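Okay, so here's the structure we're looking at.
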Number of protein chains: 2
Amino acid sequence: MASSMVAPRAFIQQQNLVEQVADYLTQAIIQQHFLPGERLSEVQLSRDLGVSRAPVREAARLLESRGLLISKPRRGFFVRALNAVELEDVFDLRLCLERHAIDRLAERYTPEAQRALKQQVEVLCEAAAGNDGTRRIEEDLQFHRLMLHYAGNERLLRAFDDLTHELRLCITLITKTHEAPDTIATSHFMLLDALNSGSPAECREAIDYHIGVARKFVVKGVGETGDSSDEDSADEDVLSR
Amino acid sequence: MASSMVAPRAFIQQQNLVEQVADYLTQAIIQQHFLPGERLSEVQLSRDLGVSRAPVREAARLLESRGLLISKPRRGFFVRALNAVELEDVFDLRLCLERHAIDRLAERYTPEAQRALKQQVEVLCEAAAGNDGTRRIEEDLQFHRLMLHYAGNERLLRAFDDLTHELRLCITLITKTHEAPDTIATSHFMLLDALNSGSPAECREAIDYHIGVARKFVVKGVGETGDSSDEDSADEDVLSR
DNA sequence: CGATTGCCGACTGTCGACAGTTTTACCTCA
DNA sequence: TGAGGTAAAACTGTCGACAGTCGGCAATCG
């Protein structure tokens with residue numbers, strides 16, 4: 001995985017079955033090997049992966065907290081299916097988080113942050129030129145993650161990471177519609193320019209535009225596939241507690 | 001609910017052991033029966049609660065995702081201890097979420113929302129007059145949760161709920177400093193007035209002031225207890241992934 | 001006397017098994 | 001042929017057990 005980064009201990013990490021299972025499930029869901037709404041059998045999974053049910057269950061709970069799975073008592077785990085409204089909500093929250101992040105970032109735009117972001121945009125442009133759609137998405141998300149990181153609020157970053165799992169889900173789910181490499185490049189350079197200008201208003205405008213474009217892309221896509229995921233859950237669960 | 005906490009009680013109802021254990025742990029942590037940084041033994045807990053280790057582990061993972069526990073591989077689960085910086089981050093994220101929420105709420109301020117919020121403020125005022133500090137906090141949080149709810153973004157509400165667990169943790173941890181009932185009342189009526197005015201700027205100002213006050217209260221409190229929770233984790237885990 | 005090494009207890013990670021429940025398949029009957 | 005009921009199959013929730021690992025303590029060595 002590219003550049004400097006902190007060498008993440010490539011040593012033997014044969015442990016952590018839970019995490020391994022979670023990674024496997026995440027990949028499988030994103031790559032549509034499990035369809036939205038599909039039921040996951042614990043025994044089936046444990047057989048396939050050659051582990052017992054305990055780590056599978058714990059991994060499933062982890063994915064549930066990340067919004068990729070939904071558990072129904074006595075029924076098991078189901079792949080999360082986002083409907084149009086939920087999709088809008090995800091992008092609205094993303095807008096909320098990134099607006100705040102870019103506000104903070106503009107106040108503490110260190111040369112290090114500037115350099116890192118610029119480099120990441122270059123990596124992204126390179127990825128956009130290639131054919132690997134998944135990598136393009138990952139580099140794009142990584143750019144935004146860097147923005148959140150340099151905004152200097154760990155908790156804010158965690159909220160973004162939580163959201164990213166769902167974001168990745170619905171983005172990958174749609175990504176037949178390829179954005180042109182130029183569009184991606186200019187769209188991100190606009191953000192850098194806004195940050196360089198130091199004007200909060202300009203930053204706000206840039207991020208609103210940026211996310212608005214992404215939102216349109218995905219929402220348009222989901223209109224085609226159009227899954228609603230509603231079955232019997234007619235009642236509202238809000239307001240409880 | 002009572003103070004007889006040490007006695008673990010065989011409140012073993014039939015189903016949903018995980019949720020019951022999670023609730024028990026949450027209460028125990030908030031009420032400081034487990035101190036920040038303390039290690040939780042799975043076998044001890046399972047013995048005390050009269051259940052096996054599986055539901056305890058799953059509940060612990062749930063609390064970990066809520067930020068109340070931290071798991072160290074091969075070491076077990078530890079009660080989360082927030083240092084001053086993390087506390088600031090929590091309130092900064094809260095500000096981020098509530099700003100966005102009040103913006104949206106101002107755009108769709110239905111009579112129903114208006115009525116519900118007003119009623120909740122009254123409940124809060126009543127609670128503030130009483131002696132039960134925990135209830136006052138809960139009613140306060142419930143008011144803000146209602147704001148988020150009527151903002152009409154389920155995902156935003158979920159992010160707030162996630163944050164609330166940590167918020168509750170550090171608020172309750174500090175709450176020797178009682179806010180005066182009048183202060184609480186006026187502080188919330190200001191929010192209602194701002195919403196009634198329909199002015200986004202006024203709403204923004206009100207929520208900034210409101211959360212700023214709460215933040216000062218809590219941060220001041222943590223300065224006294226002053227736990228840092230840092231031990232050996234000198235390395236940064238950000239930027240990974 | 002201080003540092004190192006080996007041992008011991010405690011604990012976590014994981015597993016296979018059992019009981020209760022839900023789903024499904026089949027069989028009967030109108 | 002379709003509807004309804006019943007029994008089997010499959011699955012989840014939970015449990016107790018085993019193995020590998022971690023931290024502490026004591027004995028040993030410099």
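Numbered from 1 within each chain, the chains take letters A, B, ... in sequence-line order. Everything numeric here is computed off the predicted structure, so don't read it as measured data.
Between dG23(D), dC11(D), dT14(C), one nucleotide has an atom nearer to the side chain of Ser41(A) than all others, and that is dC11(D). Here the nucleotide nearest the side chain of Arg74(A), chosen from dT21(C), dG13(C), dT14(C), is dT21(C). In this structure, the nucleotide among dC11(C), dT12(D), dC15(D) sitting nearest to the side chain of Leu17(B) is dC15(D). Across dT14(C), dG13(D), dT12(C), the shortest atom-to-atom separation from the side chain of Glu42(A) is found for dG13(D).
The closest side-chain heavy-atom distance from Phe160(A) to Arg145(A) is below 4.5 Å. By the 4.5 Å heavy-atom criterion applied to side chains, Glu58(A) and Arg61(A) are not counted as neighbours.
If you measure from atom CZ of Arg75(B) to atom P of dA10(C), you get 16 Å, rounded to the nearest angstrom. Separating the CG atom of Leu49(A) from the C1' atom of dG13(C) is a distance of 16 Å, rounded to the nearest angstrom. Atom CD of Glu19(A) is separated from atom P of dT12(C) by 18 Å (rounded to the nearest Å).
Looking at residues 52-60 of chain A, you'll see Arg53(A), Arg57(A) sit with a heavy atom under 4.0 Å from some atom of DNA chain D.
The residue Leu40(B) sits close only to the backbone: its heavy atoms come under 4.0 Å of sugar-phosphate atoms, none of a base.
Direction change of the helix axis from one end of the helix from dC1(C)-dG30(D) to dA30(C)-dT1(D) to the other is 20°, with five pairs defining each end axis (rounded to 10°).
Checking side-chain atoms of Arg80(B) against main-chain N and O of Arg66(B) turns up no donor-acceptor pair under 3.5 Å.
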Should Leu93(B) and Leu97(A) be marked as a side-chain contact (heavy atoms from CB on, under 4.5 Å) after you check the CA-CA gap, both sets of side-chain angles, and the distance that decides it? CA-CA 8 Å; Leu93(B) 178 56; Leu97(A) 297 179; 3.9 Å; yes
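Salt bridge annotation for Arg158(A)-Asp162(B): absent, with no cationic side-chain nitrogen under 4.0 angstrom from a carboxylate oxygen.
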